[in-house]
There are 2 protein chains.
Amino acid sequence: MARSARATITQVARTAGVSLSTVSRVMNGNPTVDAALAERVREVAAELGYSANPLARSLVLGRTQTVAVVIPDLANPTFQSILRGLSRAASDDGFHVLIADTAEQVAEEATLATATRRRTDGVILCAPRMPADDLAALLPSLSPVVVVNRPPQEATPTVAADYRVGMAQLVQHVYDLGHRRVAYLAGVVGSASGAARRSALDEALTAHPDLEIIEIASGVDFDSGAGSADAVMAADVTAVLAFNDLVAMGLLSAVGDRGIRVPEDLSIAGFDDIPFARYTTPPLTTAAVPGLELGQEAWQAMSALLEGRDAATSTVRDPALVVRGSTGPRPS
Amino acid sequence: MARSARATITQVARTAGVSLSTVSRVMNGNPTVDAALAERVREVAAELGYSANPLARSLVLGRTQTVAVVIPDLANPTFQSILRGLSRAASDDGFHVLIADTAEQVAEEATLATATRRRTDGVILCAPRMPADDLAALLPSLSPVVVVNRPPQEATPTVAADYRVGMAQLVQHVYDLGHRRVAYLAGVVGSASGAARRSALDEALTAHPDLEIIEIASGVDFDSGAGSADAVMAADVTAVLAFNDLVAMGLLSAVGDRGIRVPEDLSIAGFDDIPFARYTTPPLTTAAVPGLELGQEAWQAMSALLEGRDAATSTVRDPALVVRGSTGPRPS
DNA sequence: CTGTTAGCGCATTCAG
DNA sequence: CTGAATGCGCTAACAG
């Protein structure tokens with residue numbers, strides 16, 4: 001008969017006529033308790049609806065069974081899937097997840113991470129735009145910590161998609177389709193994955209002297225993509241590589257309004273393979289970032305840290321090129 | 001100079017040459033401390049990088065500054081926006097958010113809610129499919145709790161969108177466009193919002209004797225929508241009201257593949273107005289559920305409970321009809 | 001096998 | 001105004 005006021009271990013001990021320790025032992029499955037006694041305690045506990053106060057437990061044990069996830073934007077589909085993968089995996093291991101949405105406030109990421117870390121056993125940090133130096137300085141104080149989508153770090157596990165490989169596949173894809181003058185919607189500056197994308201572009205330019213890439217500034221969302229339409233048209237390209245799927249979809253929509261046919265007149269590719277990418281018209285060619293897997297692996301890494309297993313591993317997954325209808329041969 | 005091992009209040013007290021209580025008072029802004037002394041304590045605290053252990057604080061104060069959000073599926077865009085609105089609002093008030101994704105396991109919702117409740121100050125419960133009786137039985141033990149997207153409850157605040165109103169607007173919309181034989185992709189059974197949608201449909205049937213509604217079973221996601229295409233075609237209707245935007249988008253995609261033109265041959269409407277709804281081809285007519293606002297209001301309600309202000313209010317928001325390109329006049 | 005003691009880190013009486 | 005106790009609820013030595 002659970003009442004609103006939770007029973008404490010003291011009450012259980014009292015009504016069962018035993019000491020605190022005995023109750024504690026029984027509740028924690030300590031086998032050094034007389035079977036009959038244990039049974040009686042269990043009955044009383046059940047009757048009173050008792051279960052240990054996790055807070056008190058955390059304080060004495062020094063662990064909370066909770067990890068924090070710091071993400072820049074809960075609205076970003078990529079982080080959503082990472083969060084989901086992580087949440088499920090952690091939950092399967094009996095861990096809870098505290099979320100901290102930094103609302104893109106790069107300046108407050110460190111503070112937030114530190115604050116949430118104090119009430120958890122570790123933090124999974126997604127901070128794509130935090131300067132590398134700041135990150136390196138922050139990590140030690142956060143330990144145990146695993147970093148998502150950043151280059152391998154000194155002494156902290158890292159889980160990341162290789163945005164360079166993904167972008168390389170996309171450039172090669174449009175190059176193979178005959179495109180030679182290609183626009184790149186560059187997204188926001190200062191992001192780690194942005195740098196990786198760009199390096200793939202640079203390599204492509206080296207590998208293919210007849211390739212031209214016109215870089216166009218943009219944001220990271222729909223509206224940015226739509227807003228880039230004029231610049232794209234002015235650039236006189238036959239293909240566009242967007243920073244991500246959102247940007248690509250915005251552009252797709254905006255050029256559609258202008259009567260441009262995709263992919264006949266213009267090829268457009270995104271990045272991420274968010275769930276909606278396959279439902280645009282035409283469906284979006286993109287590089288699939290395995291968010292769910294990244295989330296799971298981030299948890300694996302955290303779990304390993306928590307259990308004192310192998311320390312700083314850095315796992316990298318290659319995005320998979322997904323060719324759909326939004327890219328096609330260069331118009332003749 | 002913050003080190004990995006956090007300073008405790010005892011250490012601060014010792015190095016400042018004062019008692020625990022004094023440090024505690026200073027850290028909590030208690031003004032009954034000599035200014036000079038307080039300043040010295042603050043300096044030492046800063047030097048040692050001290051700040052109170054939230055766990056210990058929670059244990060003694062009886063509050064965690066954390067609330068739990070229980071949602072059925074982190075992948076569901078509607079809950080995503082609710083979560084986001086809630087998270088931002090709570091964060092602004094200095095509260096943390098623990099997420100519990102029940103992974104659509106209705107049977108475990110109660111357990112999970114109870115478990116997370118114990119380590120937080122309250123829970124925001126999104127459990128669209130939990131039987132009303134179970135819900136009513138569960139709520140008292142969760143208090144303080146606010147319920148999202150369910151009918152008003154006995155003694156717990158409720159924040160909800162009025163799915164009946166939204167659906168009523170959509171039916172009326174297609175009726176006004178001349179459609180008389182309409183399909184309804186019914187989503188999953190047993191959801192509270194599903195019942196609300198259906199009642200709107202019933203009312204429409206009563207109001208318009210010449211209206212026919214063909215109900216077709218479906219799920220709640222893209223694939224369900226796509227999978228319903230054959231059934232929709234067989235139903236020989238001129239308009240379809242989908243359970244939500246995801247279903248509508250799946251259907252849109254599938255009928256597109258079959259050469260059906262939307263809206264010339266078939267009108268399709270969704271529900272929710274998820275961010276992607278405006279970027280389908282054609283853009284989706286839908287009823288906009290204000291997820292962000294619902295999330296914020298859920299937090300307001302929780303905040304009120306936490307501060308002992310007004311108790312069981314139930315706020316309801318009407319979805320807004322958003323007419324885009326996926327619905328049009330009945331084909332002649 | 002069981003009970004008594006101490007203490008996790010802190011806020012808060014209560015004396016002085 | 002400040003310090004010395006008390007206890008939040010629990011687990012983990014430590015005795016018996």
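Computed from heavy atoms alone, side chains included, the values below leave out hydrogens, waters and symmetry copies. Below, chains carry the letters A, B, ... as their sequence lines are ordered, and counting in each starts from 1.
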How many Å lie between CG on A/Leu37 and C1' on C/dG3, as a whole number? 11 Å
Students often get this wrong, so: under 4.0 angstrom with heavy atoms, is B/Val33 touching a base, only sugar-phosphate, or nothing? sugar-phosphate
5'-most by nearest nucleotide on DNA chain C - B/Met27 or A/Gly17: A/Gly17
Any donor-acceptor pair, under 3.5 Å, between the side chain of B/Arg25 and the base of D/dG3, if you only look at N and O atoms? yes
Atom-to-atom span, CG of A/Leu55 to P of C/dG9 - whole angstrom: 14 Å
Nearest-nucleotide comparison on DNA chain D, the residue closer to the 5′ end among A/Val23 and B/Ala38: B/Ala38
With distance as the sole criterion, do the side chain of A/Ser21 and the base of C/dT4 form a donor-acceptor contact below 3.5 Å? yes
Do A/Arg119 and A/Leu98 come close enough that some side-chain heavy atom pair is under 4.5 Å? yes
Atom-to-atom span, CG of A/Asn30 to P of D/dT11 - whole angstrom: 11 Å
Atom-pair distance (CG on B/Asp34; C1' on D/dG3), nearest Å: 15 Å
DNA chain D: 5'-proximal contact among B/Leu61 and A/Arg63 (nearest heavy atom): B/Leu61
What contact category does B/Leu59 fall into here, base, sugar-phosphate, or nothing, at under 4.0 angstrom with non-hydrogen atoms? base
Examine D/dT11: is either OP1 or OP2 under 4.0 Å from a nitrogen or oxygen in the side chain of A/Arg57? Give yes or no. yes
Phosphate OP1/OP2 of C/dT2: any A/Thr22 side-chain N/O under 4.0 Å: no
Is the shortest heavy-atom distance from the side chain of B/Pro72 to the side chain of B/Cys126 under 4.5 Å? yes
Whole angstrom is fine here: how far is it from CZ in A/Arg118 over to P in C/dC10? 7 Å
Between P on D/dC10 and CZ on B/Arg119, what's the gap in Å once rounded to a whole number? 13 Å
Nearest whole angstrom, please: distance from the C1' of D/dG7 to the CG of A/Leu20. 13 Å
To the nearest angstrom, how far is A/Asn53 atom CG from D/dC10 atom P? 6 Å
